[in-house]
Amino acid sequence: MIDLKLLRSDPERVRLSQRTRGEDPALVDELLAADERRRTAVAAADSLRGEQKTISKQVPRASGEEREELLRRAKALADDVRAAEAEQAAADEAVRRAHRAIPNVVAEEVPPGGEDDSVTVETVGTIRDYAEPVRDHMAVADLHKAIDTERGAKVSGARFYFLTGVGAQLELALVNLAMARAADAGLTPVIAPALVKPEAMEGTGFLGAHAAEVYKVDADDLYLVGTSEVPLAAYHSDEILDLSAGPKRYAGFSPCFRREAGSYGKDTRGVFRVHWFDKVEMFSFCRPEDAEAEHQRLLGWEKDFLTALELPFQVVDIAAGDLGSSASRKFDCEAWFPSQQRYRELTSTSNCGTFQARRLGIRYRDENGKAQVAATLNGTLCAVTRTIACLLEVHQQPDGSVHVPAELRPWLGGREVLEPA
RNA sequence: GGUGGAGUCGCCUAGUGGCCGAGGGCGCACGCCUCGAAAGCGUGUGAGGUGAAAGCCUCCGUGGGUUCAAAUCCCACCUCCACCGCCA
């Protein structure tokens with residue numbers, strides 16, 4: 001939810017944000033009107049309630065005729081209070097609805113426009129030459145019997161897979177490496193629940209425009225998370241944090257479930273785009289004034305991880321129209337896929353400012369001891385299957401073997417090369 | 001899944017219809033005392049809305065209901081604890 005104080009003091013800033021995202025600026029004025037109506041309703045209900053309480057308090061001290069008179073007036077007021085409270089509830093609901101409809105205000109530096117308007121800000125590593133034919137990740141995986149999508153489909157359907165043999169070992173190695181690096185950087189390792197209540201899903205902003213992406217377990221009113229950002233953000237919901245020693249940082253491991261509605265026919269081969277995968281996600285709670293620096297820190301750790309895996313990649317400053325509803329700014333790291341001759345998203349980091357925290361009730365104490373809304377940020381450290389796909393492609397050798405990056409070797413029994421099975 | 005018990009301002013706790021719209025203790029902060037500290041004494045100590053401020057209003061697990069008036073009574077739900085059943 002956006003800051004209503006900002007909305008009142010600078011509505012044009014919010015309208016501009018809406019236009020930059022390609023969203024309707026009229027929603028801003030709807031929210032302003034709803035907010036005004038709500039404030040009027042609250043004031044009216046408050047004063048009626050106050051009056052009624054004053055009279056009620058006199059009842060026990062009164063007797064006889066005076067008491068009857070007080071009761072008569074109190075009863076009449078009780079009806080008025082009921083009506084005023086009904087109006088207040090309706091106004092509250094209208095504000096909630098209008099409030100939810102507006103995504104986070106984009107940062108001023110964000111490139112305007114849609115997907116094609118994102119800006120590449122940095123390219124890291126060099127793309128080497130590949131002997132023909134260049135195998136895509138499934139072709140390499142087949143040589144190693146590392147990924148079984150056929151049986152994945154048999155058992156669970158399209159976009160499911162089994163990791164087998166060295167494929168399974170690669171997942172464990174990547175997760176171990178990611179978690180070890182995260183812990184070294186001072187993040188707290190977390191194993192997070194993948195099934196969450198509606199409040200957690202709603203609070204993180206995943207039931208808005210992208211609700212169709214989310215799996216729901218109807219029988220129990222729970223949702224399968226699409227990222228551990230959800231449980232990690234909700235971890236501190238309704239808490240007042242002590243951030244005096246700096247941001248609270250976590251690295252959460254969990255499975256991720258995505259319906260991939262609307263991506264029919266896209267990236268259908270292999271495990272590039274699947275309904276379920278495991279991921280190590282970074283999450284940070286900090287003061288709003290530190291959020292931008294924290295964002296760069298998360299991006300830095302993502303870059304370090306890809307560099308450790310010896311993967312060439314680009315950093316992309318995501319355009320406004322492609323930002324999630326909670327993000328004010330987002331950077332993707334896109335790694336090179338030789339079979340596709342292009343960079344594809346491997347990690348992504350978003351600065352949500354106070355947008356998520358406001359909805360989740362996450363605050364901290366400022367230097368005056370006053371509770372203020374905190375800022376939240378998230379970033380991928382390692383989305384396992386897509387990273388495996390990239391590793392297999394980038395590090396494939398003409399003979400079908402796969403080079404193992406030095407950093408990963410300790411987690412793969414010291415192997416420097418993976419030989420075809 | 002069954003039975004029983006419990007959810008109060010950081011923690012513990014008082015409170016069964018109206019000077020409790022929340023008392024006490026612990027903890028914490030500040031002050032006095034001290035060379036310094038402890039002890040002792042004193043003062044203060046939840047969040048939110050609105051307002052220039054004083055103030056007013058909301059919140060006693062959540063949501064409904066009864067009443068002029070609810071932490072307190074009624075209903076539903078949630079969570080936790082104990083025991084039983086089942087189970088990785």
Side-chain angles (χ1 to χ4, degrees), chain A residues 1-9 31-99 191-203 216-223 231 234-245 248 253-255 285 287-288 354-374:
Chain A
M1 291 187 290
I2 63 165
D3 183 359
L4 285 179
K5 291 201 176 89
L6 172 72
L7 176 84
R8 288 174 203 140
S9 66
L31 179 54
L32 273 171
D35 179 51
E36 193 51 48
R37 175 189 165 197
R38 183 183 146 273
R39 292 187 334 145
T40 307
V42 167
D46 271 8
S47 94
L48 278 171
R49 205 182 295 112
E51 203 179 330
Q52 190 220 28
K53 286 189 170 186
T54 307
I55 293 177
S56 269
K57 276 186 190 167
Q58 295 167 9
V59 171
R61 288 200 298 270
S63 62
E65 195 143 318
E66 189 190 0
R67 186 186 157 92
E68 290 310 308
E69 171 62 12
L70 284 172
L71 280 179
R72 200 188 53 72
R73 285 170 57 200
K75 275 182 189 170
L77 270 170
D79 286 339
D80 294 345
V81 168
R82 232 186 302 279
E85 286 181 338
E87 162 61 11
Q88 185 187 333
D92 275 340
E93 182 50 35
V95 168
R96 233 193 314 279
R97 214 179 11 251
H99 207 171
I191 310 286
L195 223 38
V196 300
K197 295 186 195 177
E199 302 92 279
M201 222 26 148
E202 177 72 45
K216 178 161 195 233
V217 182
D218 268 316
D220 298 284
D221 202 21
L222 290 171
Y223 292 91
Y235 184 64
H236 283 307
S237 57
D238 297 317
E239 293 181 22
I240 298 176
L241 305 175
D242 179 5
L243 296 178
S244 58
K248 282 193 173 297
F253 173 80
S254 83
F285 300 87
R287 296 157 169 260
T354 56
F355 188 86
Q356 268 184 344
R358 184 166 294 107
R359 195 150 31 177
L360 289 167
I362 303 166
R363 292 169 295 173
Y364 71 98
R365 288 202 190 282
D366 66 16
E367 47 289 326
N368 302 318
K370 198 167 152 42
Q372 305 279 6
V373 180

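Sequence lines set the chain letters: A, B, ... in the order given, protein chains first and strands last, and positions in each chain run from 1.
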With a 3.5 angstrom cut-off on both distances, give the Watson-Crick or G-U wobble partner of [N], or none if there isn't one.
N      : result
C86(B) : none
A71(B) : none
C59(B) : G46(B)
G7(B)  : C78(B)
G40(B) : C32(B)
A54(B) : none
C19(B) : none

Comparing D46(A) and L70(A) on RNA chain B - which has the more 5′ nearest nucleotide =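 Checking each residue's closest nucleotide, the 5'-ward one belongs to D46(A).
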Hey, which of these two, K75(A) or K370(A), hits RNA chain B nearer its 5' end, going by closest nucleotide?
->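 Its nearest nucleotide being more 5', the pick is K370(A).
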Can you tell me how far [atom1] in [N] sits from the matching atom in [M], rounded to whole Å?
N      : M      : atom1 : answer
G5(B)  : C9(B)  : C1'   : 24 Å
U8(B)  : G65(B) : P     : 25 Å
G25(B) : C32(B) : P     : 23 Å
U66(B) : A22(B) : P     : 26 Å
U62(B) : U67(B) : P     : 23 Å
G55(B) : G31(B) : C1'   : 29 Å
C74(B) : G24(B) : C1'   : 31 Å
C56(B) : U43(B) : C1'   : 27 Å

Return the value, rounded to whole Å, for the distance between atom [atom1] of [X] and atom [atom2] of [N].
X       : N      : atom1 : atom2 : answer
E199(A) : C77(B) : CD    : P     : 17 Å
M1(A)   : G48(B) : CE    : C1'   : 13 Å
D242(A) : G10(B) : CG    : P     : 16 Å
R49(A)  : C59(B) : CZ    : C1'   : 11 Å
I240(A) : C59(B) : CD1   : C1'   : 14 Å
E51(A)  : C56(B) : CD    : C1'   : 13 Å
D238(A) : C59(B) : CG    : P     : 17 Å
L71(A)  : A69(B) : CG    : P     : 10 Å

Output yes when R72(A) and E69(A) qualify as a salt bridge under the 4.0 Å nitrogen-oxygen rule, no when they do not.
-> yes
Ion pair check, R38(A) and D92(A), cut-off under 4.0 Å = yes
Could you check whether [X] gets within reach of a base, just the sugar-phosphate, or nothing at all, counting any heavy atom under 4.0 Å?
X       : value
R363(A) : sugar-phosphate
R8(A)   : sugar-phosphate
R365(A) : sugar-phosphate
K57(A)  : base
A371(A) : sugar-phosphate

Does U50(B) have OP1 or OP2 sitting under 4.0 Å from an N or O in the side chain of R39(A)?
-> yes
side-chain contact (heavy atoms from CB on, under 4.5 Å) evaluation trace for V95(A) with L31(A) = CA-CA 6 Å; V95(A) 168; L31(A) 179 54; 4.2 Å; yes
Intermediate values then yes/no, side-chain contact (heavy atoms from CB on, under 4.5 Å), D221(A) and K197(A) | CA-CA 7 Å; D221(A) 202 21; K197(A) 295 186 195 177; over 6 Å; no
Closest non-hydrogen atom pair, [X] against [Y]:
X       : Y       : answer
L70(A)  : Q58(A)  : CD2-OE1, 3.4 Å
M1(A)   : R358(A) : O-NH1, 2.7 Å
A192(A) : S254(A) : O-CB, 3.7 Å

